[in-house]
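Lettering of chains follows the sequences in order, A, B, ..., and the numbering in each one begins at 1.
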Amino acid sequence: MDTLSRKTGFSIKTPSYEGPFEVALDLIEARKLLVNELALASITDDYIQHVRRQEAFPVEETANFIQIAATLILIKSKSLIPDLVLTEEENADVEDLKNRLMIYERIRNASRELSSIFGKQIMISAGQKKPVPFFAPARDLSANALTDALARILEAREEVEQLPEARVKPMVTIEEMMNELAARVQKAINISFKEFSGTAKEKVDVIVSFLALLELVKQGAVAAEQFEIYGDIRISHTDTGMPRY
Amino acid sequence: MLTPPAALLSLLFTSGNAVPKKDVSKVLGCNHEDLSKAISVLHESLEGTGLAVIETEADLELRTAPEAMEIVQKFRESEVSKDLGKAGLETLAAIAYRTGSTRGEIDWIRGVNSSASLRTLLLRGLIEGKEDPSDKRRIRYSITTEALAYLGVTKVEQLPRFDELSKESEQVVLETSKNEEVRSST
Amino acid sequence: MLTPPAALLSLLFTSGNAVPKKDVSKVLGCNHEDLSKAISVLHESLEGTGLAVIETEADLELRTAPEAMEIVQKFRESEVSKDLGKAGLETLAAIAYRTGSTRGEIDWIRGVNSSASLRTLLLRGLIEGKEDPSDKRRIRYSITTEALAYLGVTKVEQLPRFDELSKESEQVVLETSKNEEVRSST
C-alpha cells in the first residue's frame with residue numbers, strides 16, 4: 001500500500017495500488033491459466049470481489065475497473081447462458097480486453113526481466129577529465145534565446161500541472177451499458193428457463209454476480225459524480241473510511 | 001593512420017558522454033553503413049577488455065563492461081543504484097521492448113496513467129523524449145545509453161527474451177489497432 | 001571474471017585522470033610485479049586501438065593515442081562549434097536566471113536529466129561549477145563572465161525579464177524540496 005498517499009492526501013505521483021489489468025492478470029496467474037475467455041469467466045467473481053474490497057481508487061480509474069468488470073460479467077454470462085447473444089460491439093469489447101491483457105502480460109513479463117538485471121551490473125561511465133575549458137559560445141546563443149528557453153519550460157510546467165491527468169474514457173456510459181445488459185441477461189435467462197432447465201445454481205450465480213456489479217456501478221457513479229464536481233483537483237481517492245496515520 | 005574502429009574509439013573516449021551517431025559520421029567523414037560496420041568491429045574488439053560500447057538508435061557511448069562493476073566500485077566511492085519501482089520498470093519495459101513510445105500508448109498498454117513514471121524516468125536520464133517529426137505535439141520516448149548501462153547490456157536486442165517479448169506484442173498491437181479502426185468506422 | 005589488464009583498463013577509464021600505481025595494485029590485489037605485467041599486456045593490446053596508457057614512475061593514465069590527435073581535435077572543434085540546441089539553452093537559462101543552481105534543481109526545473117548538457121556547457125566555458133561550502137559533494141553552477149559579456153550584459157540582472165523568470169524558477173525549485181520529501185518517503 002501507499003503510505004505516501006495517506007500522508008499527503010494525493011498519490012497520483014506514485015500510484016502503488018494495483019491497476020485494473022494488474023488485478024485481472026494476478027487472478028489469472030494465480031489459477032495458472034492463459035489469457036482466454038475461459039480464464040476470464042473464471043476470474044469474474046474474484047475480480048468483482050477485489051474491486052468491492054478496494055475502497056480507495058484514484059477516482060478516474062474507477063470507471064476503468066467497472067468497464068472491465070462489466071466485460072467480465074458479459075463473458076461469464078455468456079459462458080453460463082449460451083442463449084445470450086453478444087452484439088458485435090460487445091464481442092469487440094471482449095476481444096479488446098483479451099488483447100490488452102495479453103499485451104500487458106508481455107510487458108509485465110518484460111518488466112520482471114528488467115527488474116532482475118537492473119542495477120546488477122552497471123556499466124560505469126568515463127571518469128571526468130579535468131576539463132580544459134576554452135570559451136566557445138554558439139551561434140544560437142543570445143540573451144533572448146535564453147529568456148525564451150526558460151519561459152518555455154516554465155510555461156510547459158504550468159500546462160502539465162493544469163491539465164487533468166489522461167483518462168481512458170469508457171466507450172459508453174456505464175449506466176447505459178448496465179441497463180442494457182440487465183435487460184439482455186434477464187431476457188436470456190427467461191429464454192433459457194423456457195427452453196431447457198439448466199441447474200438453478202448457475203442462474204443464481206449469474207444473478208449474484210450481476211447484483212454485485214450493480215452495487216459497484218452505484219459506487220462508481222458516486223465517484224464519477226465527485227470527479228466531475230472537483231474536475232480540476234487531482235484527488236486520487238474517494239473519501240472513504242480508510243485508516244489515516 | 002587509424003582504422004575507423006580505432007578513430008571511433010578515440011572519439012567516444014574523448015567525449016566521455018553519449019555521442020550522437022550523426023556527429024560521429026560527420027567527423028569521421030563516413031556514411032551510415034560504414035559507421036555501422038565500424039561499430040560492430042569495435043564491439044567485437046572490445047570483448048574481454050573491460051570496456052564496451054553502448055548503442056541506441058541515435059547514440060553511442062563508451063562505458064565499462066558489465067563485469068567490471070565490482071572492481072570499479074571497489075576503487076571509487078560506490079555509486080548507489082536506486083531501484084525503480086514496479087510502475088517505473090513497467091514503463092521502462094514498454095519503451096525498451098518498443099511496444100509503446102508515446103504516453104498514450106504506454107497508458108493504453110498498462111491500463112493506468114503513466115505520467116508520473118515517465119517523469120521519474122526522464123529525471124533519471126533513463127529515457128528521453130523527442131518530438132515526433134510528423135506531429136510536433138506528440139512526444140516519442142526512447143531508451144538512453146544510461147538505461148542500457150544500468151541494465152548491463154550494450155543494445156536493446158540483448159535484453160532478456162527480447163525477440164519473444166517485443167515482436168509478439170507488436171503483432172498484438174497491430175491487430176488491436178486494426179480492430180480499433182474497424183470500430184471507429186462503424 | 002576480468003583479466004588483470006581488463007580490470008586495469010576499466011579502472012583507468014572510470015577514474016579519468018592519472019591514477020597512482022599503488023592504488024591500482026591495492027584494488028586489484030596484486031603486487032608490483034603483477035601490475036607491471038598487466039601494464040605491459042595492456043600496452044600491447046591497446047596498440048592500434050586509438051587509446052594508450054601513459055605510464056610515469058608513480059602513475060598511470062588512459063589517453064587517446066598520439067595518432068588519434070588529429071581526429072580528436074577535429075571532433076572537439078565540431079563539438080564546440082555546434083549550436084547549443086534546446087537542451088543546452090534551457091540548461092544555461094536555468095543557471096543564468098538562478099545563480100547557484102545544483103544539477104538536481106536544474107533537472108527538476110527542466111523535467112529531464114541535465115548531466116550531459118552541463119558537461120557541454122562547462123567544456124565550452126559558459127558555466128562554472130563550485131562546491132557548495134556546506135556540502136562538498138554538491139556542485140553549484142553559475143554563468144561565466146565571458147558568457148555574460150557575449151550576451152551583451154554585465155550582470156545577470158540585466159537579462160530580459162529577469163525578475164519575473166528568476167522568481168518563477170525559484171518557486172519551481174521550492175516544489176523540489178516538497179518532492180524530495182515525497183520521494184524519500186516511498
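- Both the backbone and the side chain of C:L62 have a heavy atom closer than 4.5 Å to some heavy atom of chain B.
- When side chains are defined from C-beta on, B:V19 counts as touching C:F75, because their heavy atoms get closer than 4.5 Å.
- Annotation: maximal heavy-atom pairing with chain B below 4.5 Å, among C:E67, C:K86, C:K26, occurs at C:E67.
- For chain B, the nearby part of C:R76 is the side chain; its heavy atoms alone come within less than 4.5 Å.
- Side-chain N or O atoms of C:R119 include one that pairs as donor or acceptor with a backbone N or O of B:G16 at under 3.5 Å.
- Counted within 6.0 Å of CD on B:E47, heavy atoms from surrounding residues, nucleotides or ligands total 12 or fewer; the atom is thus considered open.
- Side-chain N or O atoms of C:N113 include one that pairs as donor or acceptor with a backbone N or O of B:L123 at under 3.5 Å.
- For C:E79, the part lying under 4.5 angstrom from a heavy atom of chain B is the side chain only.
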Step-by-step side-chain contact (heavy atoms from CB on, under 4.5 Å) determination, B:L51 to C:L51:
CA-CA 12 Å; B:L51 301 182; C:L51 302 183; 4.3 Å; yes
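- Top candidate by heavy-atom pairs under 4.5 Å with chain C, chosen from B:A68, B:P5, B:S10, is B:S10.
- Heavy atoms closer than 4.5 Å to chain C are found nowhere in B:T144, neither backbone nor side chain.
- Interface remark: C:T49 contributes backbone and side-chain atoms alike to the contact with chain B (heavy atom separation under 4.5 Å).
- The 12-atom threshold is not exceeded at CD of C:E33, counting heavy atoms of other residues, nucleotides or ligands nearer than 6.0 Å.
- Using a 4.0 Å cut-off between charged nitrogen and carboxylate oxygen, C:K82 and B:D23 count as a salt-bridge pair.
- Ranked by heavy-atom pairs shorter than 4.5 Å toward chain B, the options C:T14, C:L46, C:D107 are led by C:T14.
- With respect to chain C, the highest number of heavy-atom pairs below 4.5 Å among B:T64, B:L121, B:L11, B:V24 belongs to B:L11.
- Both the backbone and the side chain of C:I71 come within contact range of chain B, each with at least one heavy atom under 4.5 Å from a heavy atom of that chain.
- Residue B:Q158 places its CD atom among more than 12 non-hydrogen atoms of other residues, nucleotides or ligands, all under 6.0 Å distant.
- In plain terms, the two heavy atoms of B:V27 and C:K74 that are nearest each other are O-NZ, 3.0 Å.
- Residue C:E170 places its CD atom among more than 12 non-hydrogen atoms of other residues, nucleotides or ligands, all under 6.0 Å distant.
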